[in-house]
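Read through the structure below, which is laid out as structure tokens, and then see the notes.
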Amino acid sequence: MKISSFAGKPAEPWMLASIPGLVAAYYTGIPDAENPEERVVFGTSGHRGTSLKNTFNELHILAICQAICLFRAEQKTNGPLFMGMDTHALSVPAFSTAMEVLAANGVQVMISQDDEFTPTPAVSHAILRYNKWRTSGFADGIIITPSHNPPGDGGFKYNPPSGGPAPYETTTWIENKANEILRAKLKGIKRIPLAKALHASSTHQYDYLNTYVNDLNNIIDMAAVAHSGLKIGVDALSGSGMHYWEPIAERYGLNVTVFNKTPDPTFAFMPVDWDGQIRMDPSSEYAMQNLIGLKDKFDISVACDTDYDRHGIVTSKAGLIPPNHYLAVMIDYLFRHRPQWPATSMVGKTVVSSQMIDRVSARLGRKVYEVPVGFKWYADGLLDGSLGFCGEESAGASFARMNGEVWTTDKDGMIAALLSAEIMAVTKQDPGELYEELSSTLGTSFYNRIEAVATTAQKQLLGKTSADQFKQKQLAGENITSIITNAPGNGASIGGLKVSTQNGWFAARPSGTEEIYKIYAESFESETHLKQILAEAQRMVDAVLK
């Protein structure tokens, strides 16, 4: 993985997206329905692309929204549809297009009060709150976001009544129907003008912000945080939850200072990420240089990505805490400090997350439920209470309320960020210190993830790889104990492979959101051993792609 010379530095003016150009291309671009690169494609969490490459244009959103309306009718989902959006430049025009179709189809749409941006977790929270105790008339949702992707990208995802990301069967149905509509040159689309849609009797305003904020004390010990007087720094990253922090501080009496709390679709304030692109990734040491710069000014500093489903945690002693480290700390803390959680509650982890999670869970006497990448695999377990905590190595997590009931079935960066303050308030130690204690007891993890550019064809090839293609018996000097292409927890395909030895492993899979593939690796021996695993893993993947 070649690191750009601009990584970690302020963005140059020529790197900034042209917002007028993006919006103009959204309305004027005509995607080719016969070109696989320009069709509707639902990855791990919705359809994503850019208007400049005809991969996220008005025609895509028209087709997707009509397909969702047809899917709702088939599933008899006739409750309200909660819709939110983030601060990417293409989110507002996509929202407008969606409203025109949803209103024309008579869908009861719940849009944010006062035109406020809406974080992913607030939408999931609203869906679950509405559906609780219901036996019919269920609500679902749409979230317009490409997550932490660069400013030029747009994203559009559907959350069914479970409140979390839609399962494969659902996204496949919507994807196929949307592409069918595209090929038919939008025949069958119902649409009315935006002004009429916004004032339709089926369009309603919903107070996402206060409904979410006022419920936080049921999942976080806000009184402990307030009593501690901790100084909390927040880099709001000009994201969809940027206006939530000050109401949270006021409602619960927290000492919070918020930065970057005004919309900027160019995200010009962001340091450049590893590959020379602007990317609002709270787990990246390059992108989070501003947050890291706050470490000596606050007791703890936090950030969330653009749709607020991922978290970044910085402490004065540890700096930016690697996501895997913080996941392990959250698990260890929560299962010790949530006495109302059922004794049978499991820990959800993905196949590419650190095995430190397995070691912590074993010490707690909790079963691990290991799934492929994608938070959709956790939705049912969070909903029925069998999963107390779920996390991904990419800094996404959610967990149960104090009483063990479901909070969200989608990732929630805000509760993960606030939990870091609770942990400090209660234990008098920061998450970095607590991870060091885990490491000294359970072993030292050496973990890394590398990325490389890959075409759509190469990504498809890697995603369909089988264990039979690999004849190697050893990895980094150790005998290979397993090669899997399906997750142990639910048996679902991981869309790649994972190779394990006694003291290390690697996994390779294509990205569901960008034109790259990723190799994840971990060693419990040494940094040298980790580098050896990565080098051999790269050669194995290259052989598959060739």
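Every heavy atom of this structure was used, including side-chain atoms; hydrogens, water molecules and symmetry mates were not.
- When only modelled atom types and interatomic distance are considered, Glu422 and Tyr333 share a side-chain donor-acceptor pair under 3.5 Å.
- Classified by interplanar angle (parallel below 30°, tilted 30° to 60°, perpendicular above 60°), the ring pair Phe389/Phe399 is parallel.
- When only modelled atom types and interatomic distance are considered, Ser445 and Glu522 share a side-chain donor-acceptor pair under 3.5 Å.
- When atom types are taken as modelled, the side chain of Tyr378 and the backbone of Lys349 share a donor-acceptor pair closer than 3.5 angstrom.
- Between Ala400 and Trp341 the shortest heavy-atom distance is O-CZ2, 3.5 Å.
- Of the candidates Arg310, Lys157, Lys376, Lys157 is the only one forming a salt bridge (charged side-chain N to carboxylate O under 4.0 Å, His left out) with Asp410.
- Thr172 places no side-chain N or O within 3.5 Å of a backbone atom of Glu169 that could act as its donor or acceptor partner.
- In this model, no donor atom of one side chain and acceptor atom of the other lie less than 3.5 Å apart for Glu175 and Thr171.
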How far apart are the C-alpha atoms of Ser398 and Cys390, what are their side-chain angles, what is the distance that settles it, and do they pass the side chain to side chain contact (heavy atoms under 4.5 Å, CB included) test? CA-CA 6 Å; Ser398 190; Cys390 299; 5.7 Å; no
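- Across every non-hydrogen atom of Ser439 and Met356, the tightest pair is CA-CE, 4.0 Å.
- Residues Asp468 and Ser466 bring no donor and acceptor atom of their side chains to less than 3.5 Å of each other.
- A donor-acceptor pair is defined here as one N or O able to donate and one able to accept, closer than 3.5 Å; such a pair exists between the side chain of Tyr208 and the backbone of Met110.
- The two residues Asp153 and His88 come nearest to each other via the heavy atoms O-CD2, 3.4 Å.
- A heavy-atom distance below 4.5 Å is not found between the side chains of Trp505 and Val499.
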Please evaluate residues Ile189 and Ile181 with respect to the criterion side chain to side chain contact (heavy atoms under 4.5 Å, CB included), reporting the C-alpha separation (whole Å), side-chain torsions for both, the decisive distance (0.1 Å), and the verdict. CA-CA 8 Å; Ile189 293 284; Ile181 293 171; 3.8 Å; yes
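- A donor-acceptor pair under 3.5 Å is absent between the side-chain atoms of Arg509 and the main chain of Tyr520, judged by distance alone.
- The main-chain N or O of Phe446 is never found under 3.5 Å from a side-chain atom of Ser523 such that the two would form a donor-acceptor pair.
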Can you list the steps and then say if Arg359 with Phe524 is a side chain to side chain contact (heavy atoms under 4.5 Å, CB included)? CA-CA 12 Å; Arg359 298 185 181 198; Phe524 275 87; 3.3 Å; yes
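- Put simply, the side chain of Glu478 reaches to within 4.5 Å of the side chain of His529, judged on heavy atoms.
- The backbone N or O of Lys411 sits nowhere less than 3.5 Å from a side-chain atom of Asp309 that would complete a donor-acceptor pair.
- Tyr212 has its ring centre less than 6.0 Å from the ring centre of Trp407.
- A salt bridge links Glu180 to Lys177: at least one charged side-chain nitrogen sits closer than 4.0 Å to a carboxylate oxygen.
- Using modelled atom types, one finds no donor on one side chain facing an acceptor on the other under 3.5 Å when comparing Glu393 with Ser353.
- Between the side chains of Glu285 and Trp274, no donor N or O sits under 3.5 Å from an acceptor N or O.
- No side-chain heavy atom of Leu327 sits under 4.5 Å from any side-chain heavy atom of His325.
- The backbone N or O of Gln277 sits nowhere less than 3.5 Å from a side-chain atom of Asp273 that would complete a donor-acceptor pair.
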Does the side chain to side chain donor-acceptor pair (under 3.5 Å) test come out yes or no for Ser386 and Asp384, once each step is laid out? CA-CA 6 Å; Ser386 60; Asp384 65 22; 2.7 Å; yes
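- Remark: the backbone N or O of Asp281 is not paired with any side-chain donor or acceptor of Ser284 at under 3.5 angstrom.
- The minimum heavy-atom distance linking Ile61 with Ala98 is given by the pair CG2-N, 4.2 Å.
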Please report the C-alpha distance between Lys53 and Glu38 in whole Å, then the side-chain angles of each, then the deciding distance to 0.1 Å, and finally whether the salt bridge (charged side-chain N to carboxylate O under 4.0 Å, His left out) criterion is met. CA-CA 8 Å; Lys53 295 182 179 179; Glu38 298 181 15; over 6 Å; no
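- Side-chain N or O atoms of Arg449 include none that pairs as donor or acceptor with a backbone N or O of Ala521 at under 3.5 Å.
- No side-chain heavy atom of Ile480 sits less than 4.5 Å from a side-chain heavy atom of Lys473.
- The backbone N or O of Leu182 sits nowhere less than 3.5 Å from a side-chain atom of His60 that would complete a donor-acceptor pair.
- Heavy-atom contacts from other residues, nucleotides or ligands closer than 6.0 Å to CZ of Arg134 number more than 12.
- Checking Ser240 against Thr118 by side-chain atom types alone, no donor-acceptor pair falls below 3.5 Å.
- With a 4.5 Å cut-off on side-chain heavy atoms, Tyr158 and Thr170 count as touching.
- The existence of a salt bridge linking Asp332 and Arg363 is confirmed by a sub-4.0 Å separation between a basic side-chain nitrogen and an acidic carboxylate oxygen.
- Within a 6.0 Å sphere centred on CD of Gln502, other residues, nucleotides and ligands contribute 12 heavy atoms or fewer.
- A 4.5 Å side-chain heavy-atom check between Tyr435 and Tyr326 finds every atom pair outside the cut-off.
- Shortest non-hydrogen contact noted between Ala476 and Glu536 is N-OE1, 3.0 Å.
- Inter-residue side-chain proximity for Phe506 and Lys498 is flagged as unmet; no heavy-atom pair is nearer than 4.5 Å.
- Residues Glu58 and Ser51 fail the side-chain proximity criterion, which asks for heavy atoms closer than 4.5 Å.
- Residues Asp140 and Arg72 share a closest heavy-atom pair of OD2-NE, 2.8 Å.
- Side chains of Ser91 and Asp86: a donor on one and an acceptor on the other come within 3.5 Å.
- At a cut-off of 3.5 Å, with distance as the only test, a side-chain donor of His125 or Asp215 sits close to an acceptor on the other residue.
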